[in-house]
Amino acid sequence: MLTQAPRGTRDILPEEAGKWVFLENKFREICRRFSYKEIRTPVFEHTELFQRGVGETTDIVEKEMYTFLDKSGRSITLKPEGTAPTARAYIEHKLYTQTLPVKLFYIIPGFRYERPQAGRLREFHQFGIEAFGSESPHIDVEVMLLAVSFLKNLGLDDIKLHINSIGCETCRSDYVKALKDFLGESRQNLCDTCRSRLDRNPLRVLDCKNPDCQRTLKEAPAVLDFLCEKCKTHFETIKNDLSLLKIDYKVDPRIVRGLDYYTRTVFEIISDDLGAQSTVCGGGRYDNLVQECGGPTTPAAGFGMGIERLITILEKKNLLKIPEEKVDVYIAPLTEEYGNTALRLLYRFRENGISAETDYLKRSLKAQMKYADKIMAQFVVLIGEEEESSGFYTVKDLATGQQQKVAGDKIFEYISNNIRKGCGEVE
RNA sequence: GUGGAUAUAGUUCAGUUGGUUAGAACGCCAGAUUGUGGCUCUGGAGGUCGUGGGUUCGAGUCCCACUAUCCACCCCA
């Protein structure tokens, strides 16, 4: 227990960490191109934020939150998602007084108390963006496009964009009523969970995977047929934009999303390389959230993308090969006698921006050479009796095996002129 | 919260119908004529067999509980 990370959490060891930094840089870069600015919000928030923002009847709020009382009795919750906190910050700092739209991105950990499984952890991480202040369908498209371009840039060409519209409050309530009426008649054909969903949140019956439920749903009324004129036009524009931009997509009436704040557009990006949790990115429009949380009426749209899931996919496709960190020069004192000379040299290299390493384990020369090889040093500088008396260092290039003498004061110039670029650098 | 599978060295695994000092590969460390790496060879360290009970003359091997991991349901990133 003591020596084990809590269930559903993971350590990111040095080898992994390089991949994370690589992806974070890529994400920041695409956000820059779309002119989204980074925002960092706290790891925990007041519990009410999620109750109100995400929705009391959602699974997240009902059973998955890490909630506790702090020492003064306030109810605190580790954030289970990124949109509500971002909306809160947007309202708190009155970002709506700035020029609209306000476009933000974030890289956050999220926490949900669930049984871990493939692609699902209790602490997970996501990239996310939110665009506040525009109800233009072109913003919905921009949000999707940022995600799609990001994934395509990483080399993923077979991801699928699924879109749907669940309408605004007015057309949705008409639809929910119709759906309820329809499903009420065939209640006995539904699975147990769907029967309870029918009363609490009928839309969710739509994405039940139970074959009996799916069969029943075949005849069910479709959301898209209930959209009001405005919602219909909004959705049509999105589809036109996507075609115009030559982005493949599929209208999938089954996606409804499990968070209450969505209105109109919802979308998912699906990959076959994940297990049962096939969604790598999910998002949509949420025109009421900001107001619901006490801000001014503010239409908005955004997405969340699971970093662990993304890494899983990239790894399956062999698209995440990060070169190992290399060392420019290893300094090998033949014996402890030359330790001081080695130490001085070591720090002069480091001060000059050259990565340098030396022996800390009293290794023999042979063992030092092995070590230099293992840490992928490009050069080894040998310091022994010959060197001390002659004033020349012996420099060996480990890749070629060639060795030569370099005058003491020329060593820095020599090494920096001969470092092979592209080693250990991401991109 | 429910169901299924699994749990042996740092890692991936073997371990015969329960029977004496629990093995391999890779990794790690050290050597192979005295100032030199990668390949090869030799040797070495490292395991209270997830934890706790039980059955038995005897358990890594059988039974139970707990914990964790993996997979699925629910739901989501």
Side-chain angles (χ1 to χ4, degrees), chain A residues 1-10 13 15 54 57-65 79-83 107-128 147 191-194 196-197 201 204 207-210 255-259 262 266 268-271 274-283 302-313 330 332-335 337-338 361-388 394-403:
Chain A
M1 222 63 198
L2 184 64
T3 54
Q4 192 159 26
R7 181 161 211 204
T9 67
R10 284 199 181 301
L13 298 174
E15 196 190 346
V54 177
T57 65
T58 59
D59 277 24
I60 291 178
V61 171
E62 277 188 342
K63 48 186 196 191
E64 295 172 1
M65 296 205 299
K79 60 183 166 199
E81 58 98 51
T83 301
I107 302 174
I108 54 160
F111 304 86
R112 289 183 203 171
Y113 189 86
E114 298 179 271
R115 281 279 279 266
Q117 116 188 34
R120 194 167 63 196
L121 294 163
R122 288 183 172 181
E123 181 189 26
F124 58 98
H125 298 263
Q126 50 182 223
F127 294 132
C191 67
D192 290 348
T193 41
C194 279
S196 71
R197 273 195 273 235
N201 202 334
R204 293 238 206 103
D207 70 351
C208 182
K209 287 163 197 150
N210 183 305
I255 62 174
V256 294
R257 319 250 71 225
L259 290 77
Y262 287 108
V266 289
E268 286 183 6
I269 297 175
I270 313 283
S271 165
L274 293 163
Q277 315 304 321
S278 57
T279 305
V280 64
C281 178
F303 72 70
M305 182 183 294
I307 303 180
E308 286 87 351
R309 289 184 188 179
L310 176 58
I311 290 176
T312 305
I313 304 171
Y330 177 83
L334 261 66
T335 64
E337 236 179 293
Y338 308 102
L361 292 166
K362 296 182 181 167
R363 289 191 227 256
S364 66
L365 178 62
K366 196 187 181 88
Q368 292 194 60
M369 293 302 292
K370 279 192 182 182
Y371 179 67
D373 189 60
K374 190 161 303 158
I375 65 177
M376 296 186 291
Q378 192 182 150
F379 296 102
V380 172
V381 175
L382 292 120
I383 307 169
E385 199 198 333
E386 272 179 41
E387 288 74 12
E388 289 270 89
T394 303
V395 180
K396 179 166 187 171
D397 183 324
L398 284 188
T400 63
Q402 303 229 319
Q403 206 161 288

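Values below: every heavy atom of this structure, side chains too, minus hydrogens, waters and symmetry copies.
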A/Glu268 and A/Thr279 side chains, donor-acceptor separation under 3.5 Å: yes
When all nucleic acid strands are considered with a 4.0 Å heavy-atom cut-off, which category describes A/Leu310: base, sugar-phosphate, or nothing? nothing
From B/C29, B/U36, B/G3, nucleotide with atom closest to A/Gln403 side chain: B/U36
Using atom C1' of each nucleotide, how far apart are B/A65 and B/G47 to the nearest Å? 25 Å
Side-chain donor or acceptor of A/Arg112 under 3.5 Å from a matching atom on the base of B/A77? yes
Of the candidates B/A77, B/C73, B/G35, the side chain of A/Glu114 sits closest to B/A77
Does the side chain of A/Arg10 get closer than 4.0 angstrom to OP1 or OP2 of B/U69 through an N or O atom? no
Who does B/G60 pair with, Watson-Crick or G-U, both distances under 3.5 Å? none
Which nucleotide in B/A68, B/C74, B/G37 has an atom nearest any side-chain atom of A/Gln4: B/A68
At less than 4.0 Å, is any side-chain N or O atom of A/Lys374 found next to OP1 or OP2 of B/C28? Yes or no. yes
Check the pair A/Phe111 / A/Met65 against side chain to side chain contact (heavy atoms under 4.5 Å, CB included), numbers first and verdict last. CA-CA 7 Å; A/Phe111 304 86; A/Met65 296 205 299; over 6 Å; no
If the C1' atom of B/C73 is compared with that of B/C13, how far apart are they to the nearest Å? 31 Å
C1' atoms of B/A30 and B/C64, separation to the nearest Å: 47 Å
Please classify the nucleic acid contact of A/Val280 as base, sugar-phosphate, or nothing, using heavy-atom distances under 4.0 Å. sugar-phosphate
Residue pair A/Gln403, A/Thr394: steps toward the side chain to side chain contact (heavy atoms under 4.5 Å, CB included) verdict: CA-CA 7 Å; A/Gln403 206 161 288; A/Thr394 303; 3.4 Å; yes
Counting side-chain heavy atoms from CB outward, which of B/G31, B/G37, B/G35 is closest to A/Met369? B/G37
Could you go step by step and tell me if A/Lys396 and A/Met369 meet the side chain to side chain contact (heavy atoms under 4.5 Å, CB included) rule? CA-CA 10 Å; A/Lys396 179 166 187 171; A/Met369 293 302 292; 4.0 Å; yes
Nearest heavy atom decides the nucleotide; on that basis, is A/Glu123 or A/Ala276 closer to the 5' end of RNA chain B? A/Ala276
Tell which nucleotide pairs with B/U36, taking only Watson-Crick or G-U wobble pairs whose two distances are both under 3.5 angstrom. none
Touch check for A/Gly283, heavy atoms < 4.0 angstrom, all strands: base, sugar-phosphate only, or nothing? nothing
A/Tyr330 OH - B/G38 C1' separation (whole Å): 16 Å
Return the nearest nucleotide to the side chain of A/Thr394; candidates are B/U36, B/A77, B/C70. B/U36
From the set B/U36, B/A68, B/C73, return the single nucleotide nearest to any side-chain atom of A/Gln117. B/C73
Between C1' on B/G27 and CD on A/Glu15, what's the gap in Å once rounded to a whole number? 13 Å
Aromatic stack A/Phe124/B/A77: centroid gap under 5.5 Å, interplanar angle under 30°: yes
Atom C1', compared across B/G18 and B/C62: separation rounded to whole Å: 8 Å
Can you tell me, in whole Å, how much space there is between the P of B/U56 and that of B/G44? 41 Å
Out of B/U36, B/A30, B/C73, whichever nucleotide has its closest atom nearest the side chain of A/Arg363: B/A30
For the pair A/Ile269 and A/Phe303, evaluate side chain to side chain contact (heavy atoms under 4.5 Å, CB included) and give the outcome as yes or no after the intermediate values. CA-CA 10 Å; A/Ile269 297 175; A/Phe303 72 70; over 6 Å; no
Distance between the C1' atoms of B/G35 and B/G27, in whole angstroms? 28 Å
Name the nucleic acid region contacted by A/Gly128, choosing base, sugar-phosphate or nothing; use a 4.0 angstrom heavy-atom cut-off, strictly under. nothing
Just by distance, with hydrogens left out, do A/Tyr330 and A/Gln368 show a side-chain donor and acceptor under 3.5 Å apart? yes
Who is the Watson-Crick or G-U wobble partner of B/U16, with both distances under 3.5 Å? none
Check: B/G37 base within 3.5 Å donor-acceptor of A/Asp373 side chain: yes
Distance check needed: B/A72 C1' versus A/Leu274 CG, whole Å only. 15 Å
Considering Watson-Crick and G-U wobble pairs with both distances under 3.5 Å, what does B/C41 pair with? B/G31
What's the gap between B/A72 and B/U12 when it is taken at their C1' atoms, as a whole Å value? 25 Å
Select one nucleotide: of B/G3, B/C74, B/C70, the one nearest the side-chain heavy atoms of A/Gln277. B/C74
Between B/A77 atom C1' and A/Lys79 atom NZ, what is the distance in whole Å? 14 Å
Contact nearer the 5' end of RNA chain B, comparing A/Pro116 with A/Glu308: A/Pro116
Establish whether the base of B/G35 is bridged to the side chain of A/Glu387 by a donor-acceptor pair shorter than 3.5 Å. yes
Looking only at B/C71, B/U2, B/G37, the nucleotide nearest the A/Ala118 side chain is B/C71
Hey, which of A/Arg122, A/Glu81, A/Arg120 is the one that makes side-chain contact (heavy atoms from CB on, under 4.5 Å) with A/Arg112? A/Glu81
Please report the distance, rounded to the nearest Å, between CZ in A/Arg7 and P in B/C66. 13 Å
Any base atoms under 4.0 Å from A/Gly304, or only sugar-phosphate, or nothing? Heavy atoms, all strands. sugar-phosphate
How close or far is atom C1' of B/U2 from atom CG of A/Asp59, stated in whole angstroms? 14 Å
Would you say the side chain of A/Lys396 and the base of B/U36 hold a donor-acceptor pair, judged only by whether the two atoms sit under 3.5 Å apart? yes
Partner of B/A72 under the Watson-Crick or G-U wobble criteria, both distances under 3.5 Å, comes out as B/U2
Between A/Arg115 (CZ) and B/G4 (P), how many Å, whole number? 11 Å
Quick one: label A/Ile307 by what it contacts on the DNA or RNA (base, sugar-phosphate, nothing), any heavy atom closer than 4.0 Å. nothing
What integer distance in Å separates A/Tyr262:OH from B/A77:C1'? 10 Å
Spacing of the C1' atoms in B/U2 and B/G60 (rounded, Å): 31 Å
Side-chain touch A/Val280/A/Thr312, heavy atoms, less than 4.5 angstrom: no
Among A/Thr58, A/Ile60, A/Leu259, A/Asp59, which residue satisfies the side-chain contact (heavy atoms from CB on, under 4.5 Å) criterion with A/Pro80? A/Ile60
Sort out the partner of B/U67 for me: Watson-Crick or G-U wobble, both distances under 3.5 Å, none otherwise. B/A7
Counting heavy atoms from C-beta on, name the nucleotide in B/C73, B/G35, B/G38 closest to the side chain of A/Leu365. B/G35
Only pairs with both distances under 3.5 Å count, Watson-Crick or wobble alike; so what is the partner of B/A77 in this structure? none
